[in-house]
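Below is one structure, written out as structure tokens; the observations come after it.
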Protein chains: 2
Amino acid sequence: MNNINQSNKLSEQMMRGEVFSDQCPSREILKHVTNRWGGLVLVALLLGTHRFSDLRRKLSGVSEKMLAQTLQTLEADGFVMRVSYPVVPPHVEYSLTPLGAELAKQVELLVDWIEINLPRILDAQQTSGVANRDE
Amino acid sequence: MNNINQSNKLSEQMMRGEVFSDQCPSREILKHVTNRWGGLVLVALLLGTHRFSDLRRKLSGVSEKMLAQTLQTLEADGFVMRVSYPVVPPHVEYSLTPLGAELAKQVELLVDWIEINLPRILDAQQTSGVANRDE
DNA sequence: GTTCATACTTACCTTTTTGTACGTACTTAC
DNA sequence: GTAAGTACGTACAAAAAGGTAAGTATGAAC
């Protein structure tokens, strides 16, 4: 359409054909981060170590099952560290690994942008003239 | 646990209790951006205006239904602009609004981080010792 | 005149994700 | 002795998301 588009056709491909293509492992990671609770857990842990129940109370709406599952996925990805103290009642602490902290900061930027610009967005939704069937 | 955590308990709440609480509209927006195709479409459109079929070819794996649905949601949010030329065969162009471009850049940062750090992540997955039941 | 391309919509079905309710094991508080 | 708190696992159910295949309208190429 325009020559700008034409000229970086190759560089586009080089720089980031990856996520666009199915099969790429980054799509999987992105899913872990962008599913219902993944991102929220990461951002919550940016504020420091939390126990399981602390997180549950903080993320209003998570079920125990989902929180456990989310934490396990993030742990398996190497983003979250789990430390369990063998006492009764159980005491388990979750924190970010250095890798996880970097990721979490990116997620936080995105979430922050949305929160900060929420008024603009809500306004744009009004004036877009396009109806959202659901929600 | 630590006093750092204690001391910003209040400021945490002030600054970003929002997404953590259910009910907040930002959660909805976040969903539009983080579902299977939302983020990818935004990032793709950062490279310029695209026609429907261009996007379809670019995002390997999207069905027409999903692409149409995703675009409509993003349009309703005011992130994407749709311009249709009444010719035959149909010709429709999609591009980012200024608001959408800002968002898309944030998403791109996140996606880029994942792509760039994929080797580190894959490595961390190996050494995490935690198995992922699915995938 | 049959096929192709465009940008969709619709009905229907499958997969994935999320939730609910319960169980466990142990201890402290009432 | 009954309830509550802790950090989960598990079976089952519900909901949401996604996919498939077809249809629509129109004209252009073969």
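Naming: A, B, ... by sequence-line order, numbering from 1 per chain.
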Whole Å only: how far is the CD atom of Q69(B) from the C1' atom of dA11(C)? 14 Å
Counting heavy atoms from C-beta on, name the nucleotide in dG27(D), dA7(D), dT9(C) closest to the side chain of A68(B). dT9(C)
Any R51(A) side-chain N or O less than 4.0 Å from OP1/OP2 of dC8(D): no
Go nucleotide by nucleotide along DNA chain C from the 5' end; which of G61(A) and P90(B) gets its closest nucleotide reached first? P90(B)
Roughly, in whole Å, what's the span from NZ in K31(B) to C1' in dG18(D)? 14 Å
Which of these nucleotides, dT9(C), dG19(C), dG9(D), is closest to any side-chain atom of S63(A)? dG19(C)
Provide, to the nearest angstrom, the distance between the CZ atom belonging to R27(A) and the P atom belonging to dG18(D). 11 Å
Which part of the nucleic acid, if any, lies within contact of Y94(B), taking any heavy atom under 4.0 Å across all strands shown: a base, the sugar-phosphate backbone alone, or nothing? sugar-phosphate
Whole-Å distance between dG18(D) C1' and L40(B) CG? 15 Å
Among dA5(C), dC8(D), dG19(D), which nucleotide has an atom closest to any side-chain atom of V92(A)? dC8(D)
V19(A) versus C24(A): any side-chain heavy-atom pair under 4.5 Å? no
Between P on dT17(C) and CZ on R36(A), what's the gap in Å once rounded to a whole number? 14 Å
Side chain of S53(A) (C-beta onward), nearest among dT6(D), dT17(C), dG9(D): dT6(D)
For K31(B), which residues count as a side chain to side chain donor-acceptor pair (under 3.5 Å) partner, sequence neighbours excluded? E28(B)
Test of understanding: with side chain to side chain contact (heavy atoms under 4.5 Å, CB included), list the residues that count as partners of K65(B), not counting sequence neighbours. S63(B), Q69(B)
For the side chain of R82(A), starting at C-beta, report the closest nucleotide among dC8(D), dG18(D), dT20(C). dC8(D)
Starting at the 5' end of DNA chain C and moving along, which residue's nearest nucleotide shows up first, V88(B) or V88(A)? V88(B)
Which angle, rounded to 10°, do you find between the first-five-pair axis and the last-five-pair axis of the helix from dG1(C)-dC30(D) to dC30(C)-dG1(D)? 20°
Under the side chain to side chain donor-acceptor pair (under 3.5 Å) test, which residues partner R36(A), sequence neighbours left out? none
When you measure from the side chain of T49(A) to the backbone N and O of E93(A), does any donor-acceptor pair fall under 3.5 Å? no
If only side-chain N and O atoms of Q72(A) are considered, is one of them under 4.0 Å from the OP1 or OP2 phosphate oxygen of dG9(D)? yes
Does K65(B) place a side-chain N or O at less than 4.0 Å from the phosphate oxygens OP1/OP2 of dA22(D)? no
E75(A) meets the side chain to side chain contact (heavy atoms under 4.5 Å, CB included) criterion, sequence neighbours left out, with R82(A), V130(B)
Whole angstrom is fine here: how far is it from CD in E64(A) over to P in dG19(C)? 13 Å
Using side chain to side chain donor-acceptor pair (under 3.5 Å) as the criterion, list what pairs up with E102(A), not counting sequence neighbours. W113(B), R120(B)
When rounded to whole Å, the CG to P distance for the pair L67(B) and dT6(C) reads 13 Å
Could you tell me whether a side-chain N or O of T97(B) sits under 3.5 Å from a main-chain N or O of M81(B), the two making a donor and an acceptor? no
Measuring from the side chain of W37(B) (C-beta onward, heavy atoms only), which nucleotide among dA5(C), dG19(D), dA7(C) has the closest atom? dG19(D)
Rounded interatomic separation in angstrom, taking CE from M66(A) and C1' from dA7(D): 16 Å
